[in-house]
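Whatever order the structure lists them in is the order used to number ligands and atoms, beginning at 1. No experiment lies behind these values; they were computed from the predicted model shown.
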Amino acid sequence: MSRSALLFTPGPLSTSSTVKEAMLEDMGSRDHAFVKAVKDIREGLLKLAHAPKEEGYECVIMQGSGTFGVESVISSVVGEKDKLLILANGAYGERIAKMAKIHKLNHAVLRFDEDSIVTPEAVEAFLKDNNDITHVACIHSETTTGLFNPVGDIGAVCKKYNKVFIVDAMSSFGGVVMDMVALYIDFLVSSSNKCIEGVPGFAFALCKKSELEKAKGQARSLSLDLYDQWYGLETNGQFRFTPPTLSIMAFQQAMKELEEEGGISAREERYKTNKKILDEGMHQLGFQQYLSPEIQGHIITSFLYPDSPDFKFDRFYNKLNERGFVIYPGKLSKADAFRIGNIGQIFPDDVRALLKAIEEVMKEEGVGVN
Ligand SMILES: *Cc1c(COP(=O)(O)O)cnc(C)c1O
């Protein structure tokens, strides 16, 4: 069997063979092994977020990709008389703005440049002037660029003004130590195929129960009704509609492997090491990063196209692909860049191998970056 390509992307990611093997048995949705996996995952995720059930937090699993999870929260928890403030500095913030528009929510968007973070000062000033805001939504790791928004400081502002705080921590949860309570997060959303290193199939929302309960009967969609989904899971342990059975089994194994690695802090260290090796190697090859280092996170990095007429991204991408390395195109509105992720089953030697392949391709293409 040929070795599969390594994914240096923001997801789906490279997964371990044992995670993939966990999907080899057909599994009915009422099989007790499956019901137990769902229970273990729901409890385990709350523990990872330092937000246990006993302290009033709940985990809802929602079929679909990460966006389904965000949309479930956004379209269920913002009531008819509420108003949502969306903090946007990239494509994922804009995606929430689009959801708000489609579901006809009362909302406002506070925009920041793609190369700068959301500042708590700007959020505070906005909330002072707009006291009709009830909910605030923000992206933690803005995968568009790779920056980290200061969710703890923004959360403190939300707390001070008594706003419900919703965080899309899709690409960072599991790869960054996060204490949901200390960060004042009421709803945190991530998915199966990011830093927990499972396969695609579902999203999950970690919710403050007292806020989740307010969503009863106010969803704008049947399948994405966050409260009803929770109620089903809570009462009979079942999903309302066909669950992603095999993806759940893989995720249970992925959570076990996360623990074996040493938990989130150990995984964070591995990702940071990957990032350091990548940064140094790319710098030596002459590549420039899009973001300034103070706001750059360790999940994914945007590199500017080299200033050379011989650089053609499609050729670069394909040649790396042929060598077994999958990188990611850019998504910036103002600059040409590509992205390289450090997350998933990627280890320092894999990053070194990628750097070597990049060097070879640059030579072959006659692109002098230096
Ligand atoms: C991956 C990601 C999502 C979800 O994307 P899907 O394609 O729906 O899984 C949402 N927000 C951020 C910040 C992401 O990185």
J.: For the ring pair Phe311 and Tyr305, is the centre-to-centre distance below 6.0 Å?
T.: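 Yes, the ring centres sit under 6.0 Å apart.
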J.: Can you list every salt bridge (Lys or Arg N to Asp or Glu O under 4.0 Å) pair that touches residues 227-254, not counting sequence neighbours?
T.: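 Listed once each, the pairs are Arg42-Glu234, Lys53-Glu234.
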J.: State whether Lys363 and Glu359 are salt-bridged, where the test is any N-O pair (Lys NZ or Arg NE/NH1/NH2 against Asp/Glu carboxylate O) under 4.0 Å.
T.: yes
J.: Under 30°, 30 to 60°, or over 60°: which ring-plane class applies to Phe148 and His298, parallel, tilted or perpendicular?
T.: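 It falls in the perpendicular class, over 60°.
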J.: List, pair by pair, the atoms of ligand 1 and of the protein that are both N or O and lie under 3.5 Å apart, giving the separation rounded to 0.1 Å.
T.:
| residue | atom | partner | partner atom | Å |
| --- | --- | --- | --- | --- |
| ligand 1 | 8 (O) | Ser65 | OG | 2.5 |
| ligand 1 | 8 (O) | Gly66 | N | 3.4 |
| ligand 1 | 8 (O) | Thr67 | N | 2.8 |
| ligand 1 | 8 (O) | Thr67 | OG1 | 2.4 |
| ligand 1 | 9 (O) | Gly66 | N | 3.0 |
| ligand 1 | 11 (N) | Asp168 | OD1 | 3.4 |
| ligand 1 | 11 (N) | Asp168 | OD2 | 2.7 |
| ligand 1 | 15 (O) | Thr143 | OG1 | 2.5 |
| ligand 1 | 15 (O) | Lys194 | NZ | 2.9 |

J.: For residues 201-210, run the donor-acceptor check on the side chains, cut-off 3.5 Å, and write out each pair with its distance to 0.1 Å, sequence neighbours left out.
T.:
none

J.: In the hydrophobic clustering that connects Ile, Leu, Val, Met, Phe, Trp and Tyr at side-chain heavy-atom distances below 4.5 Å, which members other than Ile102 occupy its cluster, ordered by chain and number?
T.: none
